[in-house]
There are 2 protein chains.
Amino acid sequence: MFKVSRKSEYALIAIQHLARRARDGVTSVAELAQAENIPPDILAKVLQGLKRAGLLTAAKGAGGGYRLSRPVKEIHFLEVVRPFEEQLCVVSCQNDHGGCERGGDCTLRDPMTVLNAYMLRQFADLTMDMFLSPHKLLHGTHMDVAIGETSLGRLTSTAHPAD
Amino acid sequence: MFKVSRKSEYALIAIQHLARRARDGVTSVAELAQAENIPPDILAKVLQGLKRAGLLTAAKGAGGGYRLSRPVKEIHFLEVVRPFEEQLCVVSCQNDHGGCERGGDCTLRDPMTVLNAYMLRQFADLTMDMFLSPHKLLHGTHMDVAIGETSLGRLTSTAHPAD
DNA sequence: TGAACTCGGACCAAATCGGTCCTGTTTCAA
DNA sequence: TTGAAACAGGACCGATTTGGTCCGAGTTCA
Ligand code: SF4
Ligand code: SF4
């Protein structure tokens, strides 16, 4: 239920790649596609999308290519993914355009609204530098405790690292 | 990217409905379909799936129908949804069967594994009684702090409520 | 017996998705 | 000046998934 689209994966990989090569130059689509083993045509679309989102800067002409327009630490996960995920919501009715035919009498709507807000908040804090080293992803956020413990309820009493 | 399927929504609604009518009797598909305005045929499939998952008990024959086989507080969100979501993972490679062609050299795999584990943990604690009153969903779990604060990073230093 | 149920496979149309192709347009460099 | 290199983006296509329908078979109670 929460699988990201293939384009989103390509986008994340591309950001990773460009972040690692923090050289002053730019990287072309063909170059990046070959290095990461991604179909060039579709990667072109993905990079276009990222550029439109303001994450990349394009240099046309010979010797051109793409470049991160921001330090990787300031690029958020949701920004990278959003251009390729038409709806970032748990249920259709959360989306702006239209929604669902069953309007107010849906008993699922309110709980789902809460869930939706919760999930977006979880992802809002993720920055792409965490994806360069899973270590950061684990310990740079609250995820360490979330994964390590059986329940977040214990988090409140985690202050003491007794045995 | 994390929208649940329509069948899952029907399943959640059905559980809600059956939980509210905690009468000793059973509810037939037709009855439930009409009450909740769901296509009867597809609702039948959904209830079958829930029964196979052990959440419902079926009574065949005239006057038959479905009944919750457990108190609603002991039914978890993931249990309800799982029969209708083929993959509960962020990326294909997390799934058991097959996965992705790009094996170990994918720089996205490790971070995604962490994300996946994190998300599953978040949902693991949700029980269906929370869906009956959004109030519970907000305050019965850690979601209150998650939604209320600007970042969960503050959670670790929340022990002292000093301004 | 027969009506009211559950059970479950077969089937279908629409939407989505991943991917390809093909035609501009811009820019730099020989 | 010329042309190759690169981005820009629309059109298209096949495979998969999804939501939904239909129908026949078993089961139980009145
Ligand atoms: S109104 Fe109810 S059925 Fe419709 S999309 Fe929202 S939660 Fe789902
Ligand atoms: S291996 Fe990489 S590209 Fe393949 S599904 Fe996993 S994260 Fe995505």
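What you see is a predicted model, and the numbers here were worked out from it, not measured in a lab. Lettering follows sequence order; numbering is per chain, from 1. These numbers come from the heavy atoms of this one structure, side chains and all, not from hydrogens, waters or symmetry mates.
Residues B:Glu85 and B:Ser5 bring a donor and an acceptor atom of their side chains to less than 3.5 Å of each other.
Side chain of B:Asp129 to backbone of B:Val72: no donor-acceptor contact under 3.5 angstrom is found. Remark: side-chain polar atoms of B:Ser28 are not paired, donor with acceptor, to backbone N or O of B:Gly65 under 3.5 angstrom. For B:Thr27 (side chain) and B:Leu32 (main-chain N/O), no donor-acceptor pair under 3.5 Å exists by modelled atom type.
In the region residues 75-85 of chain A, proximity to DNA chain D at under 4.0 angstrom, judged on heavy atoms, holds for none of the residues.
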B/S/- along nucleotides 21-30 of chain C (protein heavy atoms under 4.0 Å) is B----BBB--
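A:Tyr10 has no side-chain polar atom (N or O) that falls below the 4.0 Å cut-off from OP1 or OP2 of C:dG18. Here B:Tyr66 reaches the OP1 or OP2 of C:dC7: one of its side-chain N or O atoms lies under 4.0 Å away.
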Side chain to side chain contact (heavy atoms under 4.5 Å, CB included) assessment of B:Thr107 paired with A:Arg20:
CA-CA 11 Å; B:Thr107 58; A:Arg20 263 189 267 267; 3.4 Å; yes
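By the 4.5 Å heavy-atom criterion applied to side chains, B:Leu18 and B:Val26 are not counted as neighbours. For the pair B:Val80 and B:Leu55, the minimum side-chain heavy-atom distance is below 4.5 Å.
Residue B:Ala59 is classed as a sugar-phosphate contact, given heavy-atom separations below 4.0 Å to backbone atoms only.
Close placement of the A:Phe131 and A:Phe77 rings is indicated, their centers lying within 6.0 Å of each other.
With salt bridges taken as basic N to acidic carboxylate O contacts below 4.0 Å, none links B:Glu86 and A:Lys3. Taking a cutoff of 4.0 Å between a charged side-chain nitrogen and a carboxylate oxygen, A:Arg109 and B:Glu9 do not qualify as a salt bridge.
Between the CG atom of A:Leu32 and the P atom of D:dA5 there is a distance of 19 Å, given to the nearest Å. Rounding to whole angstrom units, CD1 of residue A:Ile42 and C1' of D:dA11 are separated by 15 Å. Counting to the nearest Å, the P atom of C:dG18 and the CZ atom of A:Arg6 are 8 Å from each other. Atom CD of A:Gln87 and atom P of C:dA15 are 14 Å apart (whole Å). Rounded to whole Å, the distance from NZ on A:Lys7 to P on C:dG18 is 7 Å. Put simply, CG on A:Leu43 is 13 Å from C1' on D:dA6, counting in whole angstrom units. Atom CD of A:Glu86 is separated from atom P of C:dA15 by 14 Å (rounded to the nearest Å). As a whole-Å value, the separation of B:Asn37 CG from D:dG20 P is 11 Å.
If A:Arg52 and A:Gly64 are placed on DNA chain D by their nearest nucleotide, the residue sitting closer to the 5' end is A:Gly64.
Of the candidates C:dT6, D:dC7, C:dC7, the closest approach to any side-chain atom of B:Ser28 belongs to C:dT6. Picking from D:dG9, D:dA8, D:dT21 the nucleotide with the shortest atom distance to the side chain of A:Ala58 gives D:dA8. The listed nucleotides are D:dT21, D:dG9, C:dT6; the one nearest the side chain of A:Gln48 is D:dG9.
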